[in-house]
Amino acid sequence: FILFAATGCQMPRDSEGNIVLITLDTTFQQMMDSEGFFSAIFVYPLSQFINFITPYTNVGVAILIVTVVVNGLVMLLTLKQNIQMQKMQQLQPEMMKIQRKYEGRTDQASKMRMAQETQNLYNKYHINPFSSFIGLFIQFPILIAMYNACQRAEAVAKGQFLGVSLELTPIEGVTSGQWIYIVFFVLMFAMQICSMMMPQWLQKRRAKMEAEKHHRAYHPTKNPMNSSMYVMMAIVLILAVSWPTAMTFYWMISSVVNIAKSVLVD
């Protein structure tokens with residue numbers, strides 16, 4: 001839903017239909033007066049950050065720096081929620097045991113007992129299952145703002161990285177005969193897969209170590225979240241061919257940061 005909402009955002013356009021770019025001369029007050037709160041508070045700072053850094057490096061490095069800084073700030077704000085999500089991953093085997101215990105039971109008493117055992121499990125490990133939503137609400141406006149900034153920052157629209165324009169979409173780049181856009185696309189998708197699967201890989205490693213510690217055989221369990229992750233990957237793959245390559249680059253760096261974050265929290 002977040003991805004579809006982000007791609008559905010309408011960019012401000014001039015009388016000729018061109019996207020209104022944010023330049024170093026654009027002021028905060030102009031953004032507030034002409035576009036409102038969201039563009040001024042979220043889109044404007046990110047665009048100006050990219051515009052300011054680009055002359056000292058290039059637009060690709062500027063996006064990289066902005067991505068790392070933004071993800072670092074989000075991590076500080078959502079560190080507790082990230083730890084909770086990691087704990088939720090660790091609880092999946094025990095959760096599935098409770099689900100199997102009451103599988104096929106539809107009476108109200110069984111449902112209540114299942115809910116109570118699930119809540120007791122959360123209490124045992126001091127987990128609030130709703131805390132993970134806080135991180136999503138914090139990241140939602142940032143994702144949309146970065147999508148806008150990658151199209152509206154003057155440095156992106158007029159700059160190049162490795163000899164290609166990050167303003168073009170991957171499909172436009174390939175159509176023009178520049179195959180490096182495929183490299184960006186493949187790297188982004190590979191990092192996205194690793195980012196999504198890393199918590200599971202870490203959980204399996206912990207489970208194996210725990211089994212070896214107690215001289216038990218390791219029996220992997222099926223993660224019920226896999227299907228939703230596969231859908232997420234498919235959505236990213238579909239949308240990534242039609243958004244600016246700058247966003248593809250941002251998404252790739254964000255995935256790398258999330259991988260590092262998972263390892264750090266683990």
Side-chain angles (χ1 to χ4, degrees), residues 1-8 71 74-144 192-239 254-255 257-266:
F1 168 77
I2 291 173
L3 287 170
F4 277 118
T7 53
N71 277 272
V74 171
M75 180 179 176
L76 290 176
L77 293 173
T78 61
L79 182 60
K80 183 177 179 180
Q81 287 73 40
N82 288 325
I83 293 174
Q84 292 270 307
M85 290 178 68
Q86 291 285 71
K87 287 183 177 180
M88 288 286 287
Q89 288 279 347
Q90 297 175 30
L91 285 183
Q92 288 304 314
E94 294 185 57
M95 290 286 291
M96 292 191 70
K97 286 181 181 178
I98 295 175
Q99 292 170 9
R100 285 195 296 266
K101 180 179 177 181
Y102 292 96
E103 188 174 5
R105 300 185 186 181
T106 58
D107 59 284
Q108 191 63 31
S110 295
K111 290 181 180 180
M112 291 182 64
R113 284 196 295 270
M114 178 178 172
Q116 186 59 54
E117 288 187 30
T118 301
Q119 186 59 49
N120 291 340
L121 187 62
Y122 289 146
N123 293 338
K124 177 182 177 181
Y125 292 96
H126 308 289
I127 292 176
N128 179 359
F130 298 103
S131 65
S132 60
F133 290 105
I134 298 175
L136 291 177
F137 282 119
I138 292 175
Q139 295 177 61
F140 177 68
I142 295 175
L143 175 62
I144 297 179
Q192 177 68 15
I193 291 175
C194 290
S195 174
M196 288 183 168
M197 298 302 296
M198 183 59 69
Q200 286 193 42
W201 294 338
L202 292 173
Q203 190 273 330
K204 287 181 179 179
R205 188 189 68 171
R206 286 193 301 270
K208 286 182 179 180
M209 292 175 63
E210 189 69 17
E212 292 175 359
K213 181 179 177 181
H214 294 89
H215 306 289
R216 299 195 306 259
Y218 169 68
H219 299 290
T221 57
K222 183 179 179 181
N223 193 324
M225 297 176 66
N226 281 343
S227 58
S228 61
M229 286 195 296
Y230 294 148
V231 172
M232 177 68 171
M233 291 177 191
I235 292 174
V236 172
L237 182 63
I238 293 170
L239 296 180
S254 291
S255 296
V257 172
N258 286 332
I259 292 171
K261 184 166 61 178
S262 295
V263 173
L264 179 62
V265 172
D266 183 68

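Along the sequence shown, residues are numbered consecutively beginning with 1.
Among residues two or more places apart in sequence or in another chain, the side chain to side chain donor-acceptor pair (under 3.5 Å) test is passed with Gln116 by Asn120. Among residues two or more places apart in sequence or in another chain, the side chain to side chain contact (heavy atoms under 4.5 Å, CB included) test is passed with Ser254 by Thr67, Asn71, Tyr250.
Atom-to-atom distance recorded for Thr118:OG1 and Arg113:CZ is 12.5 Å, nearest 0.5 angstrom.
Closest non-hydrogen pair, Ser195 versus Ser255, comes out as CB-O, 3.7 Å.
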